[in-house]
Amino acid sequence: MGIYLPIAEISVNVFVLLAMGAAVGFLSGMFGVGGGFLITPLLIFYNIPPAIAVATGANQVIASSFSGALSHFKRGTLDFKLGGVLLAGGIVGSTAGIYVFALLRRLGQLDLFISLLYVALLGTVGGLMLVESVNALRASRSGAAPVLKKSGQHNWIHRLPFKMRFRASKLFVSVIPVLGLGAAIGFLSSIMGVGGGFIMVPALIYLLKVPTNVVIGTSLFQIIFTSAYTTLVHATTNQTVDVILAFLLMAGGVAGAQYGAKAGQRLRGEQLRALLAMLVLAVAIRLAVDLFATPPNLYSLSAAGLN
Amino acid sequence: MAGPRAFAAAASLSMLFALSPATAQTPPTESIQIGLSTDAISITAGFSGADLTIFGSLENPDPLIARQGRYDVVVVLEGPPRPVVVRRKDRVLGVWINLDSEAFENVPVSYSVATTRPLQDIAEPAKYKQLSLGAQNLYMKPVDETDSPATIEEFTAALRERKTATGLYSENVGGVQFLSQNLFRATVRLAPNVPVGTHKARAFLFKSGMFVKESSAQLEIRKSGFEQSIFRVAHDYSFLYGVFAVSLAMLTGWLGRLIFRKD
């Protein structure tokens, strides 16, 4: 069944989009990630213009993170104060990102920049995860107990000024890295259409030493608002949010996430991480191939005076 | 999805009167008229292209020339003019990057031509250049005219090629048919991605390779339907649209949890 997307201005198949949403939702439920970093490249592979894929991806992320954050709110595993400071940084980063987005679009370099960022980020994250999970798998097979890193150790981040107390996270750190991390995630959200959970979660755990139980809830809380802000600004400045497209992805996504979460409980952590790493790497490689392959048309047209 | 609407364009037949003996000495000048049955067309989101028929008539044709088939008509449906940027990808460190570009002012978004015969058989190429007639002869004004002529020519050719490849520029040879000595019917193609806005239908009359007269009419193309309403809201009330998109996402997330809740 075909449907015409009003903003993307192309006809697409409803079932392909629902399936795409469900597949990404399944994975996000299984791995506990938002899935924005998979949705945007998939949409680009499906010939949705990158500018629309990014803005709509940000919109779609709200649904999955809102659903997830509600669960964490009920369980009380959400640090509102930490989330709020991250969010303040996120708004600044997102605003800067939107500006860069519009500028790159005017210069005709937006598509390239989005692809490059995806290749770099997904390549790095996927590579690191794969190495880590393969090592963990090997260690568990040889029967050795996994070596735990000492959690009490402080790094340079904990020597920065402007310290603030985050009671729910049992944390006393400088606001500078928290704001900076929020800003970086906001920037990526507006340029890549991702929630940024796949960067935020490890950064909170390893850099800020936030207890693992509040990390996901807090990250989701911040992502809701950063993506909501990003969606709003993209809608007003670039008119690139396609609600029909976003809704189809969300509808598939929320359903898929439930089955993914069940499937995830049956797999072991290292195996899950290795699978996710391979998936992330596959997307990065596919995008990289497109960058190097000779395009069918060297010339492209675009409306002048865009934005 | 609604299918393509059928287009009907009725003839605007001018009153034809018999040649009086007086006109035999001073041949009357021929002229051309075209008529559209409607001044606006609505297309729906599922529009997959269509043919638009335009009727027209010759006035005061010379019966001898008409019999010899030496009258030629070229009908053009020209989309609204818009500025456009043409970019060329080049390899930098193995990666294909948009490097050079050329901006043009007021390039018709679409340009459909229908002719009685192939353009090259109707008149001299110089004539078309002068009239800026035909996709290959259309004058495209670069924003920066100081660029080298070779560059401008390269990008102009690329612009034409891209427009033709996407069906926005088309040529229908034999698309103009004389139904009688005076009456003709022109069929121009509307591409699936035909732009909305004011289109201009123009008819050019040639007699034995010489340009005689031009006539034009305006046609408004609008999009209608649910999808178009969304598009309009997204552009006219973009902030409210954004708020709606965010609320819809939150509602979907909340409902999803409600339906599939496990805790």
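None of the values given here were measured: they were computed from a predicted structure. Numbered from 1 within each chain, the chains take letters A, B, ... in sequence-line order.
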With a 4.5 angstrom heavy-atom cut-off, which part of [X] approaches chain A: side chain, backbone, both or neither?
X	result
B:R82	neither
B:F226	side chain
B:L240	neither

(message) Looking at chain B, which one of A:S11, A:A255, A:A63 has the largest number of heavy-atom pairs inside 4.5 Å, strictly under?
(response)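 Ranked by heavy-atom pairs under 4.5 Å with chain B, first place is A:A63.
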
What part of [X] is in contact with chain B, defined as an atom under 4.5 angstrom from a non-hydrogen atom: side chain, backbone, both or neither?
X	value
A:A228	both
A:L301	both
A:A58	neither
A:L5	neither
A:L116	neither

(request) Name the option with the most non-hydrogen atom pairs under 4.5 Å to chain A; the candidates are B:I97, B:L93, B:N193. (result)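 Among the listed options, the one with the most contacts to chain A is B:I97.
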
Hey, could you give me the [atom1]/[atom2] distance between [X] and [Y], rounded to the nearest 0.5 Å?
X	Y	atom1	atom2	answer
A:L70	B:L258	CG	CG	10.0 Å
A:L112	B:K89	CG	NZ	8.5 Å
A:L110	B:N98	CG	CG	10.5 Å

Any side-chain heavy atom of [X] within less than 4.5 Å of one from [Y]?
X	Y	result
A:V243	B:Y241	yes
B:I230	A:I244	yes
B:R91	A:T294	yes
B:R87	A:Q109	no

More than 12 heavy atoms of other groups within 6.0 Å of [X] [atom1]:
X	atom1	result
B:F239	CZ	no
A:N47	CG	no
A:F45	CZ	yes
B:E124	CD	no
A:Y99	OH	no
B:Q120	CD	yes

(message) Within residues 157-170 of chain B, which residues come under 4.5 Å of chain A, heavy atom to heavy atom?
(response)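 Residues of residues 157-170 of chain B touching chain A at under 4.5 Å: B:A158, B:L159, B:R162, B:K163.
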
(message) Report, in residue-number order, which members of residues 246-255 of chain B are under 4.5 Å from chain A by heavy-atom distance.
(response)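 Checking residues 246-255 of chain B against chain A gives B:V246, B:L248, B:A249, B:M250, B:T252, B:G253, B:W254.
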
Distance-minimising heavy-atom pair for [X] and [Y]:
X	Y	answer
A:V241	B:A245	CG1-CB, 4.1 Å
B:G242	A:A235	CA-CB, 3.6 Å
B:V86	A:Y299	CG1-CD2, 4.2 Å

